[in-house]
Amino acid sequence: MAVDKIAILFLFGIFAFTEAGTKLNPVVLVPGDGGSQFQAKLNKPTTVASYCIKKTDYYYDLWLNLEQLVPFLIDCFVDNMRLEYDNVTRTTRNSPGVDVKIPGFGGTETVEWLDHSHISLNEMKLFFVDLQQLIERAYYTTGNQKVFLLAHSMGNPVTLYFLNHMTNAWKAKFIQSFISLAGVWGGAAKPIRLMISAWLMPSDQFWGPDEVLVMAPTRNYTIRDYKQLFKDINYETGYMMWEDTHALINPLKAPGVEMHCLHGVNVTTPKAFRYTNKTWHESYPETIPDDGDGTVNIRSLHGCLKFKKMQKQPIYHKEFDKAEHMQILNLKSVIDYLKKVFVKS
Ligand SMILES: *[C@@H]1O[C@H](CO)[C@@H](O)[C@H](O)[C@H]1NC(C)=O
Ligand SMILES: *[C@@H]1O[C@H](CO)[C@@H](O)[C@H](O)[C@H]1NC(C)=O
Ligand SMILES: *[C@@H]1O[C@H](CO)[C@@H](O)[C@H](O)[C@H]1NC(C)=O
Ligand SMILES: *[C@@H]1O[C@H](CO)[C@@H](O)[C@H](O)[C@H]1NC(C)=O
């Protein structure tokens, strides 16, 4: 079968046909964080600076729009992009007066091109309903062809969580295979510095209770010290968000479908951070290196191997030398592997 004739029609949902019209299995994509577009419409009560736009009567590209990521304008962007955490309902909402929509669900363009000028797991209920419907639609519109789920980075815990909540009968009917690229199965040390996602904090299933993650002048922090760590960096909200999310896929439960687990190795990846300055959390730390894909530690990438003993469906595992966390999306050897899987089934 001519693999190069595969037409990619969708990217949240890719439907593939050969030129001769032979049906192939559809593919549904679950991108990582930062991996899809956002559009925003503004009617803000206040702005952080006089040059920030307060009101628009149209939706504009909020993420990713390189024109906004420049000095001064970036302050407006951050204020529009930020989430407010409600510590009573334990949910987040958009910055006041910012209406956000995610364009192109089920299509490919919005994840192929992040910048339009040439898009947290709890609170994702609507996404899971849409994802289930997209998978079922992909299956029926291709004449009952089972669906590949292809996930990258944080899309992997999202997909696992989704599969963990579907019945075995549903999975057996609709899912061909779960293909995982650069999966974050047990968190990663890198976001400790960025604090981009409390959900990605290193997990107690993968890090020992005495392993030091952050070295500060007066004390060290391990996975047991998250409460103190968030307090000491004046971000107690972060600890609440960690409490809300850390058990979503922890401890890991097998997906219950065939799986291909692909990831990079032999790329220097943060293992711990050493701060020497007294005002330590405002300074730049020294990074203690580990193996991994540059973002995710090797032990977390290997998390999918735990599924081997938990389910009867096969788990195929392949490491790609020096395949960095983002570059894996564009690596010829990975794409060749995917083409083989998609065509053979
Ligand atoms: C919740 O947030 C409010 C406003 O920021 C703050 O005053 C309060 O201390 C917080 N409560 C908890 C339990 O963190
Ligand atoms: C933090 O941990 C490092 C490495 O284990 C150790 O050398 C250092 O003395 C510890 N610092 C404190 C303040 O406990
Ligand atoms: C330590 O922090 C202070 C205040 O933020 C800063 O002025 C100073 O340059 C920092 N020193 C180092 C070695 O990073
Ligand atoms: C990673 O590097 C080690 C040491 O150089 C090497 O033995 C191993 O084969 C490499 N991994 C891959 C997948 O190439």
Side-chain angles (χ1 to χ4, degrees), residues 45-46 79 82-96 120 122-123 180-183 189 192-193 195 198 202 207-246 260-281 283 285-305 315-338 340:
T46 57
D79 186 48
R82 73 189 169 88
L83 290 173
E84 283 191 352
Y85 184 73
D86 181 328
N87 65 14
V88 178
T89 61
R90 303 191 79 125
T91 54
T92 49
R93 53 178 170 256
N94 292 334
S95 182
S120 89
N122 55 336
E123 307 184 56
S180 153
L181 299 179
I192 293 176
R193 189 170 70 77
M195 289 301 169
W207 269 265
D210 299 318
E211 280 185 82
V212 175
L213 294 166
V214 176
M215 285 169 251
T218 54
R219 65 165 294 163
N220 289 335
Y221 301 85
T222 71
I223 52 161
R224 291 179 299 179
D225 304 316
Y226 286 159
K227 187 166 191 174
Q228 190 66 40
L229 176 63
F230 280 110
K231 187 165 188 277
D232 291 348
I233 62 170
N234 300 318
Y235 188 52
E236 285 175 80
T237 293
Y239 181 70
M240 295 184 79
M241 293 170 97
W242 175 80
E243 283 186 314
D244 295 343
T245 53
H246 80 278
H260 296 261
C261 181
L262 315 178
H263 62 83
V265 286
N266 293 333
V267 186
T268 305
T269 304
K271 181 185 202 167
F273 299 99
R274 182 186 286 125
Y275 293 83
T276 48
N277 205 331
K278 284 216 165 54
T279 55
W280 61 277
H281 48 83
S283 62
E286 178 197 344
T287 303
I288 315 297
D290 193 9
D291 188 14
D293 71 358
T295 296
V296 185
N297 306 81
I298 189 73
R299 63 179 98 183
S300 183
L301 293 164
H302 281 169
C304 55
L305 296 174
I315 306 282
Y316 303 100
H317 177 239
K318 192 167 166 62
E319 297 184 331
F320 292 83
D321 195 33
K322 307 229 161 51
E324 190 274 332
H325 189 70
M326 294 305 296
Q327 284 165 357
I328 195 168
L329 292 174
N330 202 18
L331 206 66
K332 188 173 180 305
S333 49
V334 172
I335 293 170
D336 288 344
Y337 182 104
L338 295 181
K340 277 205 194 92

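First listed ligand is number 1; within each ligand, the first listed atom is number 1.
- With hydrogens and angles left out, the side-chain atoms of Y239 and D244 include no donor and acceptor closer than 3.5 Å.
- Ring geometry, H260 versus Y316: the interplanar angle falls under 30°, so the pair is classed parallel (tilted spans 30 to 60°).
- Polar contact with ligand 4: absent for E319 (N/O pair, distance under 3.5 Å).
- Taking distance alone, with nitrogen or oxygen atoms compared against 3.5 Å, T218 stays at or beyond that limit from ligand 2.
- When each atom of ligand 2 is checked for a heavy atom of N220 under 4.0 Å away, the hits are 1 (C), 2 (O), 3 (C), 8 (C), 10 (C), 11 (N), 12 (C), 14 (O).
- The side-chain tip of K322 does not point at the ring of F320 from less than 6.0 angstrom away and within 45° of straight on.
- For D232 and R219, the salt-bridge test fails: no basic side-chain N is under 4.0 Å from an acidic carboxylate O.
- Between the side chain of T222 and the backbone N or O of E211 there is no donor-acceptor pair closer than 3.5 Å.
- Between H263 and H317, the ring-plane angle classifies as tilted under the 30° and 60° cut-offs.
- Ring pair Y275/F273 is tilted by interplanar angle, where 30° to 60° counts as tilted.
- Contact residues for ligand 1 (protein heavy atom closer than 4.0 angstrom to any ligand atom): N87.
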